[in-house]
Amino acid sequence: MNFTFGGKPGQLLLFTSGPPPSSDKQSSPPLPHRQIERISNHTPSPYRRLQNTSHQTFRSLQEGSVSEEKILQSSQTYRTHLQEAENELMNLIEPQQYDNGSYVEPPLPLEIQFTRSLTRQQDASDSPAHAQETMQRHFDALLAYLQLTEIVWHLCELLHLENSSKPISSNVIDWIQKFEGYVLDTTTDEDIQTIARDKKDSFFPVRYYICHGRIDDAIAACTPILQSYGDQVQEVQELIDLLKERKNLSPTNKQRGSKRNQQRQWNDWKKDVQELTSRMEHNGRTNTTVELQMIAVLHLMLNGTNVSKEDHHLLRGGEDGEQYVTNCSWMSELILQLSYDQPYAVAHEVVVLMRKCLDKTDDSNEVASDPTYIRLRVLVRECLYPTRLPVVLHFLDTEGHNIHSIKNSEGIVCNGGQSGITAPWSVAHLSDILYKKNILLNEPVDSTADDTRAALQQSPNLRDMYIEKYACSLQNGK
């Protein structure tokens, strides 16, 4: 079954129009035409705008045949809508003030109207402060869900929608940085400097930034070292130059030349790193602590992996190389691999690397015991394989429905329909994108799930089921 949406603004027409793309099967009997009227909702909330703009993108994809290039462009457009909604919601999360128990309206018209629409849904017995606290929690949950949806969507886009011959190492590094910021507490530059002082390790910030793909920050962290250690001025300056050259080798800098030329430039850079490393390790004297710290930085760049305790012999004069292991996790390990071992990796190579890094158990005890991190680590693994994407969609669908309800002081669920915050439409949009990429063709629905049984009557596959839910939400004005 293939759904097509059309009609005037405010109206949607839903009907079947033949077999799915690239399918040789006979089409199902056409369903009767039915007109779906969207209930007018003038609340200019970020989420409502997200629904409207993403729906326009969705409609454009239902018109005739769609090229792979348009599928990718539409996916990127969807994510842009998500990011814009995230940014707007960030402006609504700042705590509001109360004057003698009276609620003080925020200054922006958007915030005023969106705040009122949600506050009106609270129980009348709620105090203004409690209503605001409830709304604040809902904003936080909604923002977190939009961020998670965009992060998961982006990974699926990189691994399954991008051109299979396009190097995506730099894009995946950007994705890891955003994912890490979502699941872990941010480590500030002040925290990093404090750790460096406690460890008496001048190069700790440099290693930290390298492990997190932050080359500019790593270069900046070398500057005070250059000023403090006169004996190693030449070597530190060479390190800075190598980091600058590595940045210029990134495909994101639109470097020109054939793949063979790119590989030659990469091999030359690696030789320069090896030459400086060998010169420092075999300088005819016992290495100082500062030299060992710098050698550890060079090993990160040379090997694309953290120095482990088993490799302490690589650090000439070092008693235990584990002291130079920096923020070891599957995320930092993957960044190092993509930055300094496979900088031109394509999608299938990235999948292999991600699987190897996820198989490692190097996460700190604090991180490894975090239930949210554990769930999302499993979710990332599911994103690697097209056959497991139904699990990813189900996860996003369930999470979306969980956060689209508000509980008042009596524990009664208050639906967010007045503001359009009731259904995770983005799941339907993502399933449609994947379907058009021939990834979810005829993917069966799990009939054991209660919420899918009704949809199964008219939805023979997963994409159709989510689109049917989407159409029903439009019909109900959600």
Side-chain angles (χ1 to χ4, degrees), residues 173 177 180 184-248 269-270 272-329 331-333 335-337 339-341 362 364 366:
I173 290 172
Q177 292 170 336
E180 187 175 32
L184 302 179
D185 293 334
T186 302
T187 302
T188 66
D189 292 336
E190 291 76 14
D191 293 334
I192 296 170
Q193 292 299 330
T194 299
I195 296 173
R197 287 193 296 269
D198 292 344
K199 289 176 170 286
K200 297 181 179 179
D201 186 346
S202 302
F203 279 91
F204 175 82
V206 182
R207 296 201 308 277
Y208 181 90
Y209 293 133
I210 286 177
C211 287
H212 288 77
R214 297 164 59 179
I215 296 181
D216 286 334
D217 291 328
I219 294 171
C222 289
T223 302
I225 301 174
L226 190 64
Q227 298 169 349
S228 302
Y229 297 96
D231 293 342
Q232 284 82 35
V233 168
Q234 179 182 343
E235 288 82 359
V236 175
Q237 184 60 57
E238 288 184 59
L239 173 61
I240 293 174
D241 293 339
L242 286 170
L243 288 170
K244 290 179 178 178
E245 290 175 21
R246 170 61 188 90
K247 182 180 178 182
N248 292 331
W269 183 83
K270 276 283 195 177
D272 292 340
V273 177
Q274 178 66 72
E275 190 277 330
L276 178 58
T277 305
S278 299
R279 183 163 18 107
M280 293 195 67
E281 287 181 330
H282 306 286
N283 55 16
R285 66 176 188 274
T286 302
N287 293 119
T288 65
T289 300
V290 174
E291 288 174 330
L292 288 173
Q293 294 169 359
M294 182 171 167
I295 291 172
V297 173
L298 293 170
H299 274 286
L300 288 176
M301 298 162 61
L302 190 62
N303 302 317
T305 187
N306 258 302
V307 176
S308 65
K309 183 167 66 174
E310 289 75 16
D311 295 330
H312 71 270
H313 63 279
L314 296 174
L315 301 177
R316 182 171 175 267
E319 296 179 358
D320 189 349
E322 192 169 8
Q323 63 181 304
Y324 300 111
V325 174
T326 307
N327 195 237
C328 194
S329 69
M331 291 172 286
S332 63
E333 191 68 15
I335 286 177
L336 287 170
Q337 289 280 315
S339 297
Y340 301 102
D341 190 49
D362 294 329
S364 66
E366 181 180 0

Side-chain heavy-atom pair [X], [Y] within 4.5 angstrom cut-off:
X: R279; Y: E238; result: yes
X: I215; Y: K244; result: no
X: M294; Y: L276; result: yes

Exercise. Between L243 and K247, does a side-chain contact (heavy atoms from CB on, under 4.5 Å) hold up when you go through it step by step?
Worked result: CA-CA 6 Å; L243 288 170; K247 182 180 178 182; over 6 Å; no

Got a donor-acceptor contact below 3.5 angstrom from the [X] side chain to the [Y] backbone?
X: S339; Y: L336; answer: no
X: K199; Y: T194; answer: no
X: Q177; Y: G213; answer: yes

With a 3.5 Å cut-off and no angle check, do the side chains of [X] and [Y] form a donor-acceptor pair?
X: S278; Y: Q274; value: yes
X: E333; Y: T305; value: yes
X: T188; Y: D191; value: yes

Exercise. So among I295, T289, I225, which one has a side chain to side chain contact (heavy atoms under 4.5 Å, CB included) with F203?
Worked result: I225

Nearest heavy-atom neighbours spanning [X] and [Y]:
X: W269; Y: L242; result: NE1-O, 2.8 Å
X: D189; Y: Y209; result: OD1-OH, 2.8 Å
X: R207; Y: A296; result: CD-CB, 4.0 Å
X: I240; Y: C222; result: CG1-CB, 3.5 Å
X: C211; Y: L300; result: SG-CD1, 4.0 Å
X: K270; Y: N303; result: NZ-N, 4.2 Å

Output the distance between atom [atom1] ([X]) and atom [atom2] ([Y]), rounded to the nearest 0.5 Å.
X: M280; Y: L292; atom1: CE; atom2: CG; value: 8.5 Å
X: D272; Y: R246; atom1: CG; atom2: CZ; value: 14.0 Å
X: H212; Y: I173; atom1: NE2; atom2: CD1; value: 12.5 Å
X: S202; Y: Q193; atom1: OG; atom2: CD; value: 9.5 Å
X: I210; Y: I335; atom1: CD1; atom2: CD1; value: 12.0 Å
X: I219; Y: D241; atom1: CD1; atom2: CG; value: 9.0 Å

For this session: Quick one: sort the Y208 and F204 rings into parallel, tilted or perpendicular, breaks at 30° and 60°.
Result: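 Ring orientation, 0 to 90° scale: tilted.
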
